[in-house]
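Below is one structure, written out as structure tokens; comments come after it.
Note that the numbering runs from 1 along the sequence shown for the chain.
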Amino acid sequence: METQLFLDLTTKANRVAVHFCGSDDMASIVPRLSARSVALFEVDGASICTLEDLFKAFSIALKMPKGWYGDEEYAPNANAFLEYLDDVHEWVPAKGHVVVVRGAEQFWKVNARLAGMLVEWWQFATGPRNADIHLVFVW
């Protein structure tokens, strides 16, 4: 039986969305996402303590092309981060894109303000060029 999370992650109704789920639920969904040609990216939320950590972790996970931010290794600000989210489908072609933040509970406990900012930014990533891109916090 399909879980609601799986359906949310594979439908076009929610082009950009934020989800929360347990690790067992995510483990059952991952193989089915791959079978549907959905690109899956993983971030270790427990290692994110600063804004710089967040930008760096996401640039690595989302396979940011070298030189995307000029001489910078990762997004220098939220606007650059959002621009990359809008364009990730060009660098990683897929039917949808899912970023899984593992260790989400620790991330929220240690830096709730930064986690909240990430959720707000994700909601802004709704440009017309944007393919499906979901953010999933896994407890």
Side-chain angles (χ1 to χ4, degrees):
M1 184 171 140
E2 309 270 57
T3 65
Q4 184 61 46
L5 178 61
F6 175 73
L7 295 173
D8 287 348
L9 295 175
T10 57
T11 63
K12 295 290 183 186
N14 295 323
R15 294 188 67 199
V16 175
V18 177
H19 310 273
F20 298 85
C21 76
S23 58
D24 290 344
D25 289 336
M26 197 68 218
S28 71
I29 292 169
V30 167
R32 295 185 286 161
L33 292 175
S34 297
R36 292 218 180 169
S37 300
V38 172
L40 186 67
F41 309 97
E42 294 204 19
V43 173
D44 177 11
S47 69
I48 299 172
C49 298
T50 67
L51 186 59
E52 183 177 343
D53 292 342
L54 185 138
F55 289 150
K56 188 181 285 187
F58 276 78
S59 72
I60 292 167
L62 293 171
K63 299 174 175 49
M64 180 199 73
K66 188 170 178 78
W68 174 256
Y69 298 118
D71 294 335
E72 304 288 333
E73 290 181 45
Y74 46 86
N77 57 52
N79 288 336
F81 178 74
L82 288 171
E83 185 177 344
Y84 185 73
L85 289 179
D86 285 345
D87 291 341
V88 70
H89 66 280
E90 293 178 19
W91 315 121
V92 183
K95 291 183 179 177
H97 298 79
V98 175
V99 179
V100 176
V101 179
R102 303 228 181 245
E105 188 169 6
Q106 183 175 349
F107 177 46
W108 280 90
K109 282 181 181 178
V110 171
N111 207 331
R113 182 172 293 186
L114 185 57
M117 288 168 52
L118 175 60
V119 169
E120 286 183 347
W121 294 335
W122 211 269
Q123 293 171 336
F124 283 118
T126 59
R129 297 183 331 213
N130 198 342
D132 277 359
I133 186 157
H134 297 264
L135 178 64
V136 182
F137 289 101
V138 178
W139 306 108

Quiz item: In terms of ring plane angle, is the pair Phe58 and Phe81 parallel, tilted or perpendicular, where the classes change at 30° and 60°?
Solution: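 Correct class here is perpendicular.
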How far does [atom1] of [X] sit from [atom2] of [Y], to the nearest 0.5 angstrom?
X      : Y      : atom1 : atom2 : result
Trp121 : Leu135 : CH2   : CG    : 12.0 Å
Leu54  : Ser59  : CG    : OG    : 10.0 Å
Gln123 : Leu118 : CD    : CG    : 10.0 Å

Exercise. Taking side chain to side chain contact (heavy atoms under 4.5 Å, CB included) as the test, write out the residues that go with Asn79, two or more places apart.
Key: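 So Asn79 forms a side chain to side chain contact (heavy atoms under 4.5 Å, CB included) with Asn77.
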Exercise. Please list, chain by chain and in numerical order, all residues satisfying side chain to side chain contact (heavy atoms under 4.5 Å, CB included) with Ala57, sequence neighbours excluded.
Key: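 Partners of Ala57 by the side chain to side chain contact (heavy atoms under 4.5 Å, CB included) criterion, ordered by chain and then number, come out as Val43, Ile48.
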Side chains of [X] and [Y], heavy atoms from C-beta outward: is any pair under 4.5 Å?
X      : Y     : value
Trp122 : Leu85 : yes
Val88  : Glu83 : no
Met64  : Tyr84 : yes
Val136 : Phe20 : no

Kindly give the heavy-atom pair with the smallest separation between [X] and [Y], and that separation in Å.
X      : Y     : result
Ser28  : Arg32 : O-NE, 3.3 Å
Ala94  : Ser37 : CB-O, 3.4 Å
Val138 : Ser23 : CG1-CA, 3.5 Å

Quiz item: For His134 and His19, what are the C-alpha separation, side-chain angles and deciding distance, and is it a side chain to side chain donor-acceptor pair (under 3.5 Å)?
Solution: CA-CA 7 Å; His134 297 264; His19 310 273; 2.9 Å; yes
Can you give the donor-acceptor pairs under 3.5 Å from side chains of residues 100-113 to other protein atoms, not counting sequence neighbours?
{"residue": "Arg102", "atom": "NE", "partner": "Glu42", "partner atom": "OE1", "Å": "2.9"}
{"residue": "Arg102", "atom": "NH2", "partner": "Glu42", "partner atom": "OE2", "Å": "3.4"}
{"residue": "Asn111", "atom": "OD1", "partner": "Leu114", "partner atom": "N", "Å": "3.2"}
{"residue": "Asn111", "atom": "ND2", "partner": "Cys49", "partner atom": "O", "Å": "2.7"}

Quiz item: Are any side-chain N or O atoms of His97 and backbone N or O atoms of Val92, one a donor and one an acceptor, separated by less than 3.5 Å?
Solution: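 Side chain of His97 to backbone of Val92: a pair is present.
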Practice problem: Sequence neighbours left out, what passes salt bridge (Lys or Arg N to Asp or Glu O under 4.0 Å) with Glu52? Give chain and number order. | Solution: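 Partners of Glu52 by the salt bridge (Lys or Arg N to Asp or Glu O under 4.0 Å) criterion come out as none, since no residue qualifies.
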Quiz item: Does one hydrophobic cluster hold both Leu82 and Ile60, with members joined at side-chain heavy-atom distances below 4.5 Å?
Solution: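 No, it is not one cluster - the side chains of Leu82 and Ile60 are not joined through contacts under 4.5 Å.
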Self-check item: Counterpart residues, side-chain hydrogen bond (donor to acceptor under 3.5 Å, both in side chains), relative to Asp53 (two or more places apart)
Solution: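 With neighbours one apart ignored, the set is Thr50.
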